Each structure stands twice: as structure tokens, then as C-alpha cells.
Amino acid sequence: MKKGDHLFLVDGSGYIFRAYHALPPLTRKSDGLPVGAVAGFCNMLWKLLREARDTSVRDTPTHFAVIFDYSSHTFRKEIYPEYKANRSAPPEDLIPQFGLIRQATKAFNLPCIEMNGYEADDLIATYARMAEEAGAEVTIISSDKDLMQLVTPNVSMYDSMKDKQIGIPDVVEKWGVPPEKMIDLQALTGDSTDNVPGIPGIGPKTAAQLLEEFGDLDTLLARAGDIKQQKRRENIIEHAEQARISRQLVTLKKDTPVEVGLEEFGLEPQDGKKLIAFLKAMEFNALTRRAAEATGVDASSIAPAQLKIEAVAEAHGPDLDVEAGDFEPVEIKSPSAVSPTARSGMENFTATPADLVKSRTDEALAARFDRSAYVTIRDVATLQVWIDEAMTSGIIAFDTETNSPDPMQADVVGISLATRPGRAAYIPINHKSGDGDLLGGGLVERQIPEQEVFARLKPLLEDRSVLKIAHGMKYGWLIMHRHGIDLHPLDDTMLISYVLDAGEGSHSMDALCDRWLGHKPMAYKELIGSGKSSVTFDKVPIERAAEYAGEDADVTLRLWRLLKPRLAADSIASVYERLERPLIPVLARMEERGISVDRQILSRLSGDFAQTAAAIEDDIYKLAGERINIGSPKQMGDILFGKMGLPGGTKTKTGQWSTTAQLLEELAAEGHELPRKIVDWRQLTKLKSTYTDALPGYIHPRTRRVHTSYALAATSTGRLSSSEPNLQNIPVRTAEGRKIRTAFIAEPGNKLISADYSQIELRVLAHVAEIPQLTQAFADGIDIHAMTASEMFGVPVKDMPAEVRRRAKAINFGIIYGISAFGLANQLSIPREEAGQYIRTYFERFPGIRDYMESTKAFARQYGYVETIFGRRAHYPEIRSSNPQHRAFNERAAINAPIQGSAADIIRRAMVRMESALEEAKLSARMLLQVHDELIFETAEAEVEATIPVIRDVMENAAMPAVSLSVPLKVDARAAHNWDEAH
DNA sequence: GTGGTCTCCTA
DNA sequence: GTAGGAGACCACA
């Protein structure tokens with residue numbers, strides 16, 4: 001480097017944080033990867049480099065480098081351990097951008113400089129000095145005041161966001177001192193963001209005034225006694241040493257032993273292919289175009305880069321090795337063979353997981369578990385040490401141990417924590433001595449009182465800068481909420497696993513631990529025993545409980561370290577961020593609210609059902625000629641098809657007579673009396689045992705309401721499931737069954753509102769398969785099954801026979817289910833040949849549907865998964881099975897999953913937005929239940945009219961803005977005192 | 001007591 | 001033909 005050269009030094013790390021907060025959030029269109037800061041960074045580089053070729057602009061670079069922080073562990077920590085100790089974890093949607101910005105730097109063919117143990121600022125200071133000594137000009141691209149001490153006549157700064165040059169006069173104007181006194185000024189004022197102490201009570205104005213008067217810090221400290229203001233004098237004398245340490249901290253190191261010399265920074269020509277490959281991968285279309293124009297490269301001939309998206313040191317602390325992944329541009333041989341979307345580059349994407357994931361997998365498998373190392377916290381002082389540790393690290397995994405799997409009933413027995421792999425603790429709270437009398441024995445000694453534990457934990461668990469991690473967070477959230485704690489922000493390893501691997505097996509902690517960490521954790525059963533001899537967790541000895549619970553927290557933390565980076569690497573972070581994580585508190589509140597169920601109505605119905613069933617029972621014994629067990633399909637089949645010799649009997653796969661309702665109905669239609677009676681008896685006993693007898697047992701003793709439990713990670717498609725009790729299968733089909741719904745009621749003065757999507761799955765099908773007739777029919781609001789019938793059979797929609805419409809309806813459902821001639825024939829009770837003919841006719845009329853089904857199958861075969869319109873994946877690892885039946889089953893499931901799953905995603909989006917929408921409209925409606933395409937609310941009677949339009953609006957627009965559907969969504973909503981009338 | 005099978009309730 | 005949960009029966013331990 002020589003006189004006349006001009007070195008540009010970009011403060012990359014500073015830029016990331018500033019851009020993140022200053023620029024509007026932006027995500028990659030195809031998958032929601034957050035890229036706002038990356039976009040700002042690329043635009044800035046583009047602008048700086050474009051001007052480099054523009055000779056009319058004076059300040060053009062000849063040399064260029066982008067400088068990054070390497071890790072949070074630097075020599076300043078040795079001087080002052082608290083330095084930057086207050087820094088919180090970066091926001092979740094910033095983390096993947098650290099790595100991306102390094103890759104952007106490489107894509108622009110610029111040196112990417114970082115160095116272990118030093119901050120970016122020290123490298124910048126060193127390079128600026130070297131360049132200035134060589135006679136060159138330097139421009140530092142940053143507006144950070146920490147760098148202003150470097151400004152000289154030859155070194156200036158440039159604020160790229162405000163497009164403002166910062167020279168000596170600008171520093172004086174802003175801070176009241178010249179650049180060379182900035183160090184002393186900062187030593188006096190300190191810096192709260194970096195935890196530099198300074199002197200209390202002295203801000204920039206006072207500091208500038210003092211330096212003006214005394215000249216420099218040393219003189220000031222030496223003559224502090226001369227200061228007139230008493231308080232200020234005392235402060236300066238008392239904190240003089242603190243100011244000296246602060247000066248050491250803010251002084252940038254100009255002699256960093258840099259490994260890369262200035263000669264390496266000479267500006268190289270742009271590598272158009274590499275730059276375009278990166279910009280295309282980011283989906284920065286405007287910039288891609290401009291880059292193509294400027295470099296003369298045909299953008300369509302370059303494949304989007306297959307990026308390794310990594311979180312780096314700023315996000316995870318000093319223990320993680322950092323390397324920004326590099327890539328080589330790939331030219332497309334026949335551009336037409338590649339789909340225009342960014343997903344075209346996926347083939348290798350799934351086959352080469354990010355190095356970070358690889359290294360973390362290796363790390364996880366190599367790690368050992370040592371249960372004896374876990375700490376038992378039995379006093380407040382120790383508890384506070386762990387809380388402080390978590391506050392500092394910004395991350396904590398926890399697990400709650402209770403005496404019941406029902407979070408609405410459970411008492412907390414203990415809480416375990418983990419702050420890093422292998423470092424875990426257990427707080428016993430309510431352990432009881434097991435050998436007590438019938439009352440169960442007293443509280444074990446030396447446990448911190450429950451109230452004290454929660455009071456201490458509350459500030460940590462509610463701190464925005466500390467990420468709380470649990471496996472199955474909804475349970476923990478509910479437990480904490482019952483203790484007045486609003487848990488946030490949070491991560492759930494079960495849901496991360498679910499988003500990554502739905503369809504690839506269990507997401508239980510034990511299974512994931514075995515699969516990913518190669519370790520079988522202590523079994524719960526081993527601890528509490530089984531059957532009669534089992535005990536509740538509060539009877540487990542604290543020593544054993546600590547090992548078990550500590551391990552759970554430890555495992556959770558390790559799984560998080562391993563799985564979380566895969567979200568970005570697999571580019572489905574937005575599914576987790578928008579469809580899973582925000583739903584945790586929403587569902588938890590729904591469960592907590594419960595729904596009112598009228599015990600009297602159910603009890604009366606039980607009596608009615610029992611009476612009718614008993615009468616039928618007598619008839620059956622007479623018809624059968626013996627008192628067999630009607631509830632036993634085995635015995636019933638022997639009577640019907642053996643003893644009585646009825647025709648049409650088929651065997652199940654275990655060789656027993658099949659006695660399904662459908663078969664019995666057919667026999668009944670032929671005039672056989674017994675099958676009819678059996679069907680009626682089964683219906684009544686089913687309603688009685690599953691609903692009217694079982695539901696009252698779920699009424700909570702305190703709330704007097706029924707609280708179901710929703711599973712977020714139970715289905716392969718993205719649907720929720722409901723259990724204990726399952727409120728997603730309350731009868732509706734028959735008049736008898738519907739009576740059960742009248743027992744689900746609103747509180748006095750309130751109404752239930754039921755709002756359900758009309759034909760949402762067929763609408764999704766019309767959208768994804770792009771079927772013009774379907775899209776048009778939905779736009780026009782026509783009866784979709786009648787339209788289908790009309791297209792297929794040539795019958796006019798007006799005065800269509802019910803049977804014709806019924807068949808079309810069955811076919812429409814069949815399509816959604818991945819139709820087969822066998823299944824359709826079964827459904828319609830017609831010959832398989834006839835069903836096959838229907839399907840052929842359907843495909844002739846709607847060829848787009850066959851194309852959709854074929855391409856979905858092909859996609860699933862190639863990648864092993866399919867995707868919803870929001871990017872959720874459902875995996876079908878066995879779709880390549882050599883067993884034709886098995887394979888066909890997987891194909892049908894793969895065809896169904898994008899449709900069912902997209903509908904599930906839509907209602908999830910509606911649910912995530914619903915509470916704030918109601919709140920904004922100042923409405924008090926509470927969301928209680930979800931039944932796949934229906935939401936149930938309870939609200940004050942007076943607000944019903946105002947509430948329905950708000951609910952409808954949120955639901956009908958739930959896909960926007962992520963996806964603009966080609967068909968409108970329609971929601972029907974009604975209010976009534978009970979669920980039957982509201983539906 | 002546990003687990004598999006059959007049946008039936010929902011979207 | 002898709003996705004679930006649950007009760008009853010029954011063979012096995």
C-alpha cells in the first residue's frame with residue numbers, strides 16, 4: 001500500500017446489529033429465512049463498490065476489507081471479567097444472519113477478517129494505523145463512537161445508513177472533544193451496553209467540560225481535589241481506579257498481531273457468477289438483476305448457491321468454532337430444466353447438511369453424561385448463583401417435576417435447570433418422606449419453600465434476554481402460569497424436532513436422546529415404579545430425583561444445541577417461528593380456560609341410553625338364542641356368520657369374522673333383524689361409555705370445567721390432536737349423538753360462538769393443483785360437489801338428483817385422501833370397476849388434479865418428504881418401500897399431507913393472531929377449542945354481534961400475507977347457548 | 001397389569 | 001382412500 005491508496009474498512013459486526021434494528025424485518029420469500037440485515041449489508045456493499053468504479057466520485061477505495069468480531073472472549077475480559085457481561089442473547093431471527101453476512105462478504109469477493117481474542121474494533125484500529133503509516137487514506141464504514149478515537153486527518157468514518165462522512169470537526173461537534181480525547185471521555189462516562197463502568201454521575205457533557213478544563217484524564221484524576229462540586233469531586237476520587245480500568249477497556253489496540261497483511265486487501269474484480277449465485281439464493285431479485293447487468297453474466301444460467309446457514313460466535317459464545325461456509329457457483333447446463341423458484345437448488349441441500357449441524361452432531365455423540373455431577377439446590381444462595389449464571393449466559397433449559405401428568409392438577413415437586421452441557425441442577429421443592437402414615441408423610445427437610453423458589457425464578461423466567469428451553473414447553477408454561485409467571489421468550493426442543501422430522505418417529509425426549517446423543521436417559525418408570533407399587537414423584541428420594549431431573553434438563557439443553565441450528569440449515573425456521581412456537585401460549589391458555597359441561601344433561605342422557613340399550617339387549621338375546629357378549633365382535637361374528645349362517649361374511653386379517661357397522665347395515669337392509677339391533681346397540685353403548693359416562697370424570701374439581709390437552713407434535717401433517725378428553729371427536733352425525741353437544745354450554749350471560757372454515761381442504765386443493773373450474777366455482781360461491789357432478793356426469797346443477805351429488809362428494813373426498821378404486825368402491829358400495837371408471841372420468845375432466853397427484857408422488861419419492869404451502873414438511877421415509885401395498889399407502893398419505901397440512905397451517909395462523917385481534921377490537925371473547933377446521937369461543941352475549949366479524953376476518957385472511965390463495969376462504973359462524981345449536 | 005385387535009367417534 | 005383418540009374385549013404375563 002502506498003500514498004494515494006484508499007482503504008475501506010467495514011465494521012461488519014457493528015453493521016449487523018445496527019441494520020437489524022434500523023431496517024424493516026425482511027424474510028426470504030420461499031421459506032421465511034430472516035434476511036433483513038443481509039439485504040441491507042449487500043445493498044451497502046453494492047453501493048460502496050459501484051462507486052469504486054465511478055471515477056467522478058473522489059472517495060473511491062483501492063483496498064477493501066470487512067472486519068468481524070470472532071467471539072465474545074477477548075483480552076478485555078482478562079482485564080475486567082464483567083466486560084460485556086450484560087450482553088443478552090441476540091434475537092432469534094438475527095442468528096442465522098451472522099453466517100449469511102460473512103458469506104455475502106465472500107460472494108462480493110472481499111476479504112472477510114476476524115481473529116480469535118480480538119474485537120473487530122482492534123483489527124480496524126490496527127489496519128487503520130498501518131495504512132496511515134504507509135501514507136494511504138482510510139475510511140471506516142461505521143458510526144460507532146468506540147471507533148471515533150481513530151479519526152485523524154487521514155482517517156475518517158462513514159455512516160452508510162445516514163450517508164454521512166465523519167471527520168475531526170464532526171467528532172468535536174458531537175462529543176465536544178477532538179478524536180484523540182475520545183478515549184478519556186469514554187473512560188469517564190463508561191458504556192452501559194458494554195458494561196464499562198466509568199465514573200458514576202458523569203455523562204458526555206460533564207466529561208467534555210472536565211477534559212476541556214484539565215486537559216486529560218491523568219491530570220484530572222491527579223487534581224480531582226480542585227473540583228468545586230462536592231458530589232462530583234467525591235465520585236471522581238472514589239472511582240479513579242475504575243476510570244483507569246475503563247480507559248484500558250475503551251482503548252483500541254493498534255498493534256494487534258494481524259495475520260493478514262494490507263497487501264491482501266487490494267480490490268479484486270467482481271466474480272459475477274459467485275455474487276449472482278449468492279444473491280439468487282437470498283432471493284434479492286433487484287440486486288441480482290443489477291449484478292447481472294454490471295458483470296455481464298446471464299443470471300438465469302447460474303443456480304442459487306447452496307448455502308450452509310450457520311449461527312456463529314456472536315450468537316453462541318466463545319466455545320464454538322467459527323467458519324463461514326464457502327460455496328462455489330454452479331452453472332446450469334439447461335436452464336429450462338430447473339424450476340424458477342429458489343427451491344430448485346434443493347437436491348444437494350438435503351444431502352449435505354450444514355457443517356455446524358455435523359460438528360454439533362459429532363460433539364453431541366462424543367459427549368458423556370455424568371449424573372453424579374448434577375447439583376442439588378437446597379438453599380437460596382445456591383439458587384441465586386444458578387439464576388445469575390443463567391442471566392449471564394442468556395440461555396437456560398429447564399424441566400418441571402410434578403405429581404401428575406395433568407398440568408391443571410399437578411403440584412410442583414421440583415425443578416431442574418441446565419445452563420450448558422453437563423452443568424445441571426435440581427431444586428427439590430415438595431418432596432415428601434415416603435414412609436409416613438396414611439397422610440403420606442411430611443415434607444422432607446432442607447427444601448427451599450415453594451413461594452421463595454418461584455419468587456426468585458420469576459425475574460429470570462420473564463427476562464426478555466434469557467431464552468428458556470424445555471422439552472414440551474406447554475406443560476411447563478402452564479405450571480409456571482399457575483404460579484403467576486409469564487414465561488418468555490421460549491424454545492421447545494420437541495417442537496423443533498417435530499418441524500424438522502415430522503414422520504420420522506417419536507419426538508419424545510427419550511427417543512431423541514437415544515437418536516441424537518447416543519444415550520439412554522434414566523427411565524421415569526424406573527424411578528416411580530409401575531402398577532400398584534408405583535409412587536408419585538414427590539415420594540422419590542431427592543438424590544435419585546436430582547439425577548433424573550438434572551439429566552432431563554441437561555438432555556434438553558444438549559438437544560437444543562444440536563437441533564436448533566438445523567432449523568436454519570434446513571431452511572424451515574419460519575414454520576417453527578410462526579406456526580409452532582407462538583402457538584404454545586395460545587393453546588396453553590385455551591386448555592387453562594376449559595369449557596363448561598353440564599353434568600345433569602350428560603347424566604340424563606346416560607340413563608336414556610342405558611334404558612334403550614337394555615331393551616335392545618333383550619331382543620338380541622332372543623334373536624341369537626343365547627346370552628352372548630354383544631360387545632365382543634368375536635362372539636358376535638360366530639353367531640351371525642357361523643350359527644345363523646348369514647351371507648356376505650368377510651374375515652379380518654387375524655381370521656375373525658368382520659362385523660363392521662357398514663357390513664351389518666347392508667345385512668339389515670336385506671331384512672335381517674339381528675344386525676340392525678346390533679348396530680343400534682353399539683351406537684348407544686358407544687355414546688354412553690365414550691361420552692356421557694366418561695366426560696363428567698374430566699370436570700375439574702376447582703374450575704368446574706373440562707380442560708382438554710392439545711398435542712402440538714402428534715400428527716405427521718401439522719394438525720393438532722386432543723386428548724384426555726378428546727374434544728375433537730364429539731358426536732355430530734346422528735341426532736342421538738348430537739344431544740351430547742347440548743351439554744357443552746356457555747356460562748350464564750354468555751354464548752358459545754362456533755366458526756368453521758367451509759370446504760377448506762378442497763379450496764387448498766384448488767389452489768395447489770391450480771384447477772380452473774374449482775377456482776372459478778369457489779370464486780362464484782357455487783355448490784362444489786354439484787359442480788363436480790355436473791362436470792363428470794353432464795347433469796345440470798339445477799335439480800340435480802341427491803344420489804348423483806353424493807357420489808361426486810365421495811369422489812371429492814377421495815381425491816383429498818389420495819383416491820383408490822378400492823376405497824371409493826368401498827365408500828359408495830359399488831363394484832371396483834365402476835369406481836375405477838369414475839376416477840378415470842374425473843381425471844379426464846380435471847387433468848390438473850392427476851398432474852398434481854403424480855408430481856406430489858414424484859417429489860415425495862425423490863426427497864422423502866412433501867411440503868405444505870407454508871413450507872411445513874411431512875416425511876415419508878418408507879415411500880420407496882418394495883411392498884406395493886405399503887408403498888401405495890405412503891403415496892396416498894403423501895398426497896393428502898400437503899392438503900390437510902396446509903389447512904392445518906392456516907387455522908394455526910388464525911389462532912396465533914386471534915387473541916391480539918380480539919384485544920385490539922376491545923372484545924372479551926375467549927378462544928376455547930379447536931376442531932381442525934372449527935374454532936369455539938365463549939363471549940358475553942352483548943358482544944356476540946361485534947365479535948363474529950372479527951373472528952371471521954382473522955380466519956378468512958389467515959393465509960395472508962405469506963401466501964395469497966387463488967381461492968377465497970369462507971367462514972361460517974353462529975352463536976348459541978350450547979355447542980349443538982352454535983354449530 | 002400390559003398390549004394388540006376391533007370398532008367407532010371426529011375433521 | 002387421509003389424519004387422529006378412546007373404549008371394550010381378550011390373550012398373555
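Note: hydrogens, waters and symmetry copies are ignored here, and every other heavy atom, side chains too, is used. Keep in mind that what you see is a predicted model, and the values were worked out from it rather than measured.
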Have a look at A/A904 and say if it touches a base, only the backbone sugar-phosphate, or nothing, with a 4.0 Å heavy-atom cut-off. nothing

Counting only side-chain N and O atoms of A/T659, is one of them less than 4.0 Å from OP1 or OP2 of B/dT7? yes

So, does the side chain of A/Q728 form a donor-acceptor pair with the base of B/dT10 at under 3.5 Å? no

Could you check how far CG of A/D933 sits from C1' of C/dA3, rounded to whole Å? 13 Å

Would you confirm whether A/H932, through its side chain, and A/A904, through its main-chain N or O, come within 3.5 Å as a donor-acceptor pair? no

What is the separation between atom CD1 on A/I899 and atom P on C/dA3, rounded to the nearest whole Å? 12 Å

How long is the line joining CH2 of A/W681 and C1' of B/dC8, in whole Å? 13 Å

Can you figure out which of B/dC8, B/dC6, C/dG7 approaches the side chain of A/A661 most closely? B/dC8

Please classify the nucleic acid contact of A/Q827 as base, sugar-phosphate, or nothing, using heavy-atom distances under 4.0 Å. base

Given B/dC6, C/dT2, C/dC10, the nucleotide with the shortest approach to the side chain of A/S632: C/dC10

Less than 4.0 angstrom between a side-chain N/O of A/R682 and OP1 or OP2 of B/dC8, yes or no? yes

Lys/Arg N to Asp/Glu carboxylate O, A/E878 vs A/R887, below 4.0 Å: no

Side chains of A/S709 and A/E591, heavy atoms from C-beta outward: is any pair under 4.5 Å? yes

Kindly point out which of B/dC9, B/dC6, B/dA11 is positioned nearest to the side chain of A/Y817? B/dA11

Presence of salt bridge, A/R719 and A/E761, under 4.0 angstrom: yes

For A/Q635, answer base if it contacts any base atom (sugar-phosphate contacts may also be present), sugar-phosphate if it contacts only those atoms, and nothing otherwise; contact means non-hydrogen atoms under 4.0 Å. sugar-phosphate

Does A/R719 put a side-chain nitrogen or oxygen below 4.0 Å from OP1 or OP2 of C/dA3? no

Mind calculating the distance between CG (A/L695) and P (B/dT10) to the nearest angstrom? 14 Å

Rounded to whole angstroms, how far apart are CD on A/Q930 and P on C/dA3? 17 Å

Could you give the CG-to-P distance, from A/N729 to B/dC9, as a whole number of Å? 10 Å

Using a heavy-atom cut-off of under 4.0 Å over every strand shown, decide if A/G631 touches base, sugar-phosphate, or nothing. sugar-phosphate

Choosing from C/dA3, C/dC9, B/dT10, which nucleotide comes nearest the side chain of A/R733? B/dT10

Hey, does the side-chain of A/K686 have a donor or acceptor N/O within less than 3.5 Å of a partner on the base of B/dC9? no

Can you check whether A/T660 has a side-chain N or O nearer than 4.0 Å to OP1 or OP2 of B/dC6? no

For A/I730, which contact category applies under a 4.0 Å heavy-atom criterion: base, sugar-phosphate, or nothing? sugar-phosphate

Does B/dT5 have OP1 or OP2 under 4.0 Å away from a side-chain N or O of A/T654? no

Would you name the heavy atoms of A/H471 and A/S508 that are closest together and state the gap between them? NE2-C, 3.6 Å

Among C/dA6, B/dA11, B/dT7, the one nearest any side-chain atom of A/S658 is B/dT7

Name the nucleic acid region contacted by A/I816, choosing base, sugar-phosphate or nothing; use a 4.0 angstrom heavy-atom cut-off, strictly under. nothing

When we call it a touch if two heavy atoms are under 4.0 Å apart, what does A/S820 touch: a base, just sugar-phosphate, or nothing? base

Picking from C/dT2, B/dT7, C/dG4, which would you name as closest to the side chain of A/A893? C/dT2

Under 4.0 Å, counting only non-hydrogen atoms across every strand here, what does A/A825 touch: a base, just sugar-phosphate, or nothing? nothing

Any base atoms under 4.0 Å from A/A903, or only sugar-phosphate, or nothing? Heavy atoms, all strands. nothing

What do the steps show when you test A/E617 against A/K677 for salt bridge (charged side-chain N to carboxylate O under 4.0 Å, His left out), and what is the final call? CA-CA 8 Å; A/E617 235 161 89; A/K677 298 277 182 197; over 6 Å; no

Rounded distance (Å) that lies between atom P of B/dC6 and atom NZ of A/K634: 12 Å

Rounding to an integer number of Å, can you tell me how far A/Q683 CD sits from C/dA6 C1'? 17 Å

N/O (side chain, A/N726) to phosphate O (OP1/OP2, B/dC9) under 4.0 Å: no

Which part of the nucleic acid, if any, lies within contact of A/D756, taking any heavy atom under 4.0 Å across all strands shown: a base, the sugar-phosphate backbone alone, or nothing? nothing

Look at all strands and tell whether A/T685 reaches a base, only sugar-phosphate, or nothing, counting heavy atoms closer than 4.0 Å. nothing

Verify the contact: side-chain N or O of A/S721 to OP1 or OP2 of C/dG5, cut-off strictly under 4.0 Å; return yes or no. yes

Can A/K634 be said to sit on top of A/W657's aromatic six-ring, NZ or CZ under 6.0 Å from centre and within 45° of the ring axis? no

Are the side chain of A/T868 and the backbone N or O of A/G901 linked by a donor-acceptor pair below 3.5 Å? no

